[in-house]
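Reviewing the structure listed below.
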Amino acid sequence: MAAGRRIFLAYLVYFSAIGASFPYLPVFYRDLGLRLEEIGLLTAIQAATQLGLAPIWGGLLDRFPRVGLTLPLAAAVASLGGSILFLATDFPSVLAGSMLLYAGLAGIGPTLDARTLETLGPSGRHRFGQVRAFGSLAFVIMTLLVGLLLDARGARTLFWVYLPCLLGTVVVTATIRRRGTNRSVSLLHGAGAILGAPGVLVFFGGFTIVWTALAATNAFYSIQIVALGGSTGLVGFAWGFGALIEVPLMYAFPRLGKRFGSERLLVFGALVFALRSVLAAVATDSLGLVVIAPLEGLGFACVFVGGVTVLASRLPASLGGTAQGIFSASAGLATIVGSVVGGAIAGTVGIPGLLAASGAIGLLGAAVVGIAVLGSNARVGPARSAEPGATASAR
């Protein structure tokens, strides 16, 4: 099986695992009798782990450019943590399993994206969205199927699907041969070169602002649907509908990027996030929130795929793992800030006030991203100091 087909299979298996777990782990926690405060702590630990470990996993990928064990190792760590979580009966055992699970998951996403770009090569990286689209499709399908399973068998049965998919990720990714360079780049040197490239530091700042506003909105979107009279079934439909929109958009991203430019699509996606928050703030019934839910999928497709593509176009391939790790860590930081600050704002001015504030913050973030990718330095290639083997000043 060619490396491209193995990458494709890896996305299917891994995002099937995410679809089986992401919507339902909080249900499992509640079924165990965990308090809301404990569930909130687990969410914070997940985001903090992503913030701290994603760049390290990505850095390992670049540090050992001819070794293909980083990605399956991350999946193996996640599988071990998931197994502990499956057997957990109280908060200490849930915490131990979750920490190990999140430690592994922090490495799968960014390294899988980096390995995909590496496999596609410079001439094929514009097709990243097409590969990633099938991950979103697997997520949607598995979310619906596992929901039926949980209704029939209980919350713990999510692991009947989750663990085999995580183990499948280990097996599939272990068979993907690397096409990396012979140059080894350390984490600190690589991160310094990335952040020193034209516009990249500003881009990460803008992306973090955009994602902070998104995280604050998402944290209370489901609650607002219920508060306006919607059912939990309507909540699931809203999120599934939004995720489904991602699939054709991601698949069409190469054509859209060629016509409009990946940079413009990236900024457009950030603006769509802000529009969704503003419209949600003025919605007066739950159906209105469902109608605008696809905007989340539209914005995610443009911001995520656009962000990965734009970073890849500005940095040498030997820094791909570190770059995607920092990208993922930025999302982790934004999730922490958005959840905490969003909760404080919602507690003071209510959820509609929070949604309006998220819209304003999102507009600010979109402006910063626009400056980074559409400004005078937007078309400049990677800085010489970012190239492997450049002068000692790059180190």
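Only this structure's heavy atoms are used, side chains among them; waters, hydrogens and symmetry mates stay out. Counting from 1, the numbers follow the sequence of the chain as shown.
- The list of ring pair (Phe, Tyr, Trp, His ring centres under 6.0 Å) pairs with a residue in residues 338-367, not counting sequence neighbours, is empty.
- Residues Leu355 and Val278 have side chains not in contact (no heavy-atom distance under 4.5 Å, counting atoms from C-beta outward).
- Side-chain contact check for Leu315 versus Leu311: some heavy-atom pair is nearer than 4.5 Å.
- What you find for Ala78 and Ile108 is that their closest heavy atoms are CB-CD1, 4.2 Å.
- Residues Thr111 and Arg115 have side chains that never bring a donor and an acceptor to within less than 3.5 angstrom of each other.
- Using a 4.5 Å heavy-atom cutoff, the side chains of Ile45 and Leu95 are in contact.
- Ring centroids of Phe207 and Phe327 are separated by less than 6.0 Å, placing the two rings close together.
- Between Leu101 and Leu166 there is a side-chain heavy-atom pair separated by less than 4.5 Å.
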CA sep, side-chain torsions, deciding dist, call: Glu296, Tyr221, side-chain contact (heavy atoms from CB on, under 4.5 Å): CA-CA 11 Å; Glu296 200 271 346; Tyr221 201 84; over 6 Å; no
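- At distances below 3.5 Å, at least one donor-acceptor pair connects side-chain atoms of Thr175 with backbone N or O atoms of Val172.
- Interatomic distance, CG of Leu85 versus CE of Met99, reported as 13.0 Å (0.5 Å rounding).
- Formation of a donor-acceptor pair under 3.5 Å by the Arg259 side chain with backbone atoms of Arg255 is not found in this model.
- In plain terms, the two heavy atoms of Val303 and Leu266 that are nearest each other are O-CD1, 3.5 Å.
- When side chains are defined from C-beta on, Thr173 does not count as touching Tyr14, because their heavy atoms never get closer than 4.5 Å.
- Hydrophobic clustering places Val310 together with Leu195 (ILVMFWY residues linked when any side-chain heavy atoms are closer than 4.5 Å, directly or through intermediates).
- Side-chain atoms of Tyr102 do not come within 3.5 Å of backbone N or O of Gly81 as any donor-acceptor pair.
- Side-chain contact check for Thr116 and Asp113: no donor-acceptor pair (N or O, by modelled atom type) lies under 3.5 Å.
- Side-chain contact check for Ile225 versus Leu228: every heavy-atom pair is 4.5 Å or farther apart.
- Under the 4.5 Å side-chain heavy-atom criterion for grouping Ile, Leu, Val, Met, Phe, Trp and Tyr, Val373 is connected to Leu201 within one hydrophobic cluster.
- Side chain of Ser98 to main chain of Leu42: no donor-acceptor pair is present (N/O by atom type, distance under 3.5 Å, no hydrogens or angles).
- Leu69 and Ile56 fall within the same hydrophobic cluster, where Ile, Leu, Val, Met, Phe, Trp and Tyr residues are linked whenever their side-chain heavy atoms come under 4.5 Å apart, directly or through other members.
- Defined by atom type and a distance below 3.5 Å, a donor-acceptor pair is present between the side-chain atoms of Thr217 and Ser277.
- The ring pair (Phe, Tyr, Trp, His ring centres under 6.0 Å) contacts involving residues 66-93 comprise Phe86-Phe159, where partners must be two or more places apart or lie in separate chains.
- Residues satisfying the ring pair (Phe, Tyr, Trp, His ring centres under 6.0 Å) test with Phe128, not counting sequence neighbours, are none.
- Judged by distance alone, the side chain of Ser328 and the main-chain N or O of Gln324 form no donor-acceptor pair under 3.5 Å.
- In terms of heavy atoms, Leu163 sits closest to Ser83 at CD2-N, 3.5 Å.
- Taking the six-membered ring where tryptophan is involved, the planes of Tyr251 and Phe134 are perpendicular, since the angle between them exceeds 60° and thus also 30°.
- Residues Trp57 and Leu61 are members of separate hydrophobic clusters, defined by side-chain heavy-atom contacts under 4.5 angstrom among Ile, Leu, Val, Met, Phe, Trp and Tyr.
- Heavy atoms only, all atoms of each residue included: Ala329 and Pro55 are closest at CB-CG, 3.6 Å.
- Counting only N and O atoms by type, the side chains of Asp31 and Tyr24 include no donor and acceptor under 3.5 Å apart.
- For the pair Arg156/Leu32, a side-chain contact is recorded, criterion being any heavy-atom separation below 4.5 Å from C-beta on.
- Two different hydrophobic clusters hold Leu295 and Ile361 under the rule that ILVMFWY side chains link at heavy-atom gaps under 4.5 Å.
- By the 4.5 Å heavy-atom criterion applied to side chains, Phe304 and Phe253 are not counted as neighbours.
- The heavy-atom pair separating Leu319 from Ala193 by the smallest distance is CD1-CB, 4.0 Å.
- Geometrically, Arg132 engages Phe15 in a cation-pi contact defined by less than 6.0 Å to the ring centre and at most 45° from the axis.
- The aromatic rings of Phe273 and Trp211 sit perpendicular to each other, their planes meeting at more than 60°, with 30° as the lower class boundary.
- Taking all atoms of both residues into account, the shortest heavy-atom contact from Leu249 to Ala301 is CB-CB, 3.8 Å.
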